[in-house]
Amino acid sequence: MTGSCEMLRSFFFSMRFGYYNQKKGCFFSCFVDGFFVLFRDKVIRRKGFQKGRIIMKTAVIAIGGNAIIMEGQKGTIEEQFENVSKSCDHIIDLLEEGYNVVLTHGNGPHVGNSLIKGEAGKDLVPAYPMDACGAETQGLLGYVIKQSLMNRMKERGLTKKIASLVTQVEVYGTDPAFKNPTKPVGPFFTKEEADVLMAEKGYVMKEDSGRGYRRVVASPKPQEIIEKEAVKALAGLGYLVIAAGGGGIPVIKDVEDQYRGVEAVIDKDYASALLALEIDADLLVILTGVEQVAINFGKPTQENLSVMDVEAARKHMADGQFPAGSMGPKIDAALSFVEATGGEALITSMDQLKRAIKGETGTRIVKY
Ligand SMILES: Nc1ncnc2c1ncn2[C@@H]1O[C@H](COP(=O)(O)OP(=O)(O)O)[C@@H](O)[C@H]1O
Ligand SMILES: NC(=O)OP(=O)(O)O
């Protein structure tokens, strides 16, 4: 197609050159050039080609931490490798569909576990603060995801460079979220266990979507992905990039304009939406436990949605269709990306990713 483009260009150029020679051609020259540019841009947009190379679409794909350590699991390293390995084919399928993939992931179960380990061992070795636990979990999960993908790709006879990037995310120290913890981390407890932890450790414990009680910590809104340029550059070089794990390591700028870690866990859906915006991604995919977003979720009148525009999403949100502790932040994050870029967000489950990308399932959130 680009070959035809270039032939047309040569043809028009020679016509234009002829007219120049006859000193008549200025108007015609502009007309021909304009036509060529319109034609070329249309081809590029439709086919994704530019000067003989394919322009890849970039998708930011967010995987929930609860898909890596599942409900009822202790979170052994073997369990995590097994869970992630099961997801690899779905991600690889997307690469084969021609997408540049930037993977982000949650770390809620992991960061809570790290805090418990620190607390339990603090008489022997120093406990880490929450930002350091976030960094630790980014490193661990980067390793688990990267190795699982590498091994599966090898089995499928594919090669793709993979980079896992330690990512800091700036938050504001004045964010009211620091005074109102909402982010569930770590394992699930019964009400009785939660009461003991609140009394003995001073934790804030809340019920998490009918699944039990979990510790909740501050979750300020992400303001800037510090390593965004590196993510964009690596994706542009054809790497599958794993970034902003656990929503990114939360940092603030102190009075001397220096970055400093803070005690918080950023929501990975908000961080993923911001990353998608900052690296000019075409698509934001939020993977969760359901194939489609629904209205009247869990009721006999449940209606699954294939497409939802911004206006409808806002209306359903105002009607209380998307609870704050579960689907609410995902819709909110999707809206922030769609409204700012005019791009699309897709919410679906990991096992339906390929079909959802083809438009066969999932819920697409679009501007109009
Ligand atoms: N309107 C809704 N449509 C679909 N799912 C919903 C809706 N409201 C609540 N949910 C629940 O929210 C869950 C997603 O939230 P959560 O489990 O907290 O996310 P994560 O996958 O990031 O851990 C879904 O799996 C579903 O059980
Ligand atoms: N950081 C974060 O959002 O983790 P989860 O996806 O595990 O909640």
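Atoms within each ligand, like the ligands themselves, are counted from 1 in listed order.
- The ligand atoms of ligand 2 that sit less than 4.0 angstrom from a heavy atom of Val265 are 1 (N).
- Close N/O approach between Ala294 and ligand 1 is found [any backbone or side-chain N/O within under 3.5 Å].
- Closest to atom 8 (O) of ligand 2, if we only count protein heavy atoms, is Lys183 NZ, 2.8 Å.
- The single protein non-hydrogen atom nearest to atom 4 (O) of ligand 2 is Asn107 N, 3.1 Å, given as residue, atom name and distance.
- Stacking of Arg215 on the aromatic ring of Tyr203 is recorded, both the 6.0 Å distance cut-off and the 45° axial limit being met.
- When the heavy atoms of Glu71, Met327, His105, Arg211 are ranked by distance to atom 18 (O) of ligand 1, first place goes to Arg211.
- With respect to the salt-bridge test (charged N to carboxylate O, under 4.0 angstrom), the residues Glu339 and Arg314 qualify.
- Close contacts of ligand 2 with Pro109, meaning ligand atoms under 4.0 Å from a residue heavy atom, involve 7 (O).
- Ligand 2 places these atoms under 4.0 Å from at least one heavy atom of Gly246: 1 (N).
- The part of Gln321 lying near ligand 1 is the backbone, judged by heavy-atom distances below 4.0 Å.
- Distances below 4.0 Å separate heavy atoms of Lys268 from the following atoms of ligand 1: 22 (O).
- Checked by atom type and distance alone, the side chain of Asp175 pairs as donor or acceptor with a backbone atom of Ala177 at under 3.5 Å.
- Annotation: cation-pi geometry satisfied between Lys221 and Tyr270 (NZ/CZ under 6.0 angstrom from ring centroid, within 45° of ring axis).
- At least one heavy atom of Ile266 sits closer than 4.0 Å to an atom of ligand 2.
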- Task: May I have the step-by-step check of side-chain hydrogen bond (donor to acceptor under 3.5 Å, both in side chains) for Thr361 and Glu291, ending in yes or no?
- Result: CA-CA 7 Å; Thr361 187; Glu291 188 174 327; 2.7 Å; yes
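- The environment of Lys228 atom NZ is dense: over 12 non-hydrogen atoms of other residues, nucleotides or ligands sit within 6.0 angstrom.
- When non-hydrogen atoms are compared, ligand 1 lies under 4.0 Å from the side chain of Asn66 (C-beta onward) but not from its backbone.
- The backbone N or O of Val290 sits nowhere less than 3.5 Å from a side-chain atom of Thr288 that would complete a donor-acceptor pair.
- Not a single donor-acceptor pair under 3.5 Å links the side chain of Arg355 to the backbone N or O of Gly362.
- Each of the following atoms of ligand 2 lies closer than 4.0 Å to a heavy atom of Gly106: 2 (C), 4 (O), 5 (P), 6 (O), 7 (O).
- Proximity of Ala67 to ligand 1, defined as any heavy-atom pair under 4.0 Å, is not found for any part of the residue.
- For Tyr143, the ring pair (Phe, Tyr, Trp, His ring centres under 6.0 Å) partners two or more places apart in sequence, or in a different chain, are Phe81.
- Closest protein heavy atom to atom 8 (N) of ligand 1: Pro323 CD, 3.3 Å.
- The protein heavy-atom contact nearest to atom 26 (C) of ligand 1 is Phe297 CZ, 3.5 Å.
- Considering backbone and side-chain atoms together, Asp267 places no N or O closer than 3.5 Å to any N or O of ligand 2.
- Those atoms of ligand 2 with a heavy atom of Lys268 less than 4.0 angstrom away are 1 (N), 2 (C), 3 (O), 6 (O).
- Polar contact check, Lys330 against ligand 1: a nitrogen or oxygen pair lies under 3.5 Å apart.
- In the vicinity of Phe322, heavy-atom distances shorter than 4.0 Å reach the ligand 1 atoms 1 (N).
- Panel note: side chain Gln138, backbone Gly245; a donor-acceptor pair is recorded below 3.5 Å.
- Scanning the protein heavy atoms around atom 9 (C) of ligand 1, the nearest turns out to be Ser326 OG, 3.5 Å.
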**Request:** Go through the steps to decide whether His110 and Gln80 satisfy the test side-chain hydrogen bond (donor to acceptor under 3.5 Å, both in side chains), and finish with yes or no.
**Result:** CA-CA 10 Å; His110 308 75; Gln80 297 188 53; 2.8 Å; yes
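- Of all the heavy atoms in Leu149 and Cys88, the pair that sits closest is N-SG, 3.6 Å.
- Checking Asn296 against Glu303 by side-chain atom types alone, no donor-acceptor pair falls below 3.5 Å.
- The residue from Gly289, Ser349, Gly65 that puts a heavy atom closest to atom 25 (O) of ligand 1 is Gly289.
- For ligand 1, the polar-atom distance check finds no N/O of Gln292 at less than 3.5 Å from any of the ligand's N/O atoms.
- Regarding atom 7 (O) of ligand 2, its nearest protein heavy-atom neighbour is Gly108 N, 2.8 Å.
- Annotation: atom 14 (C) of ligand 1 to nearest protein heavy atom, Thr288 OG1, 3.2 Å.
- The pair Glu155-Arg152 meets the salt-bridge criterion, since a charged nitrogen lies less than 4.0 angstrom from a carboxylate oxygen.
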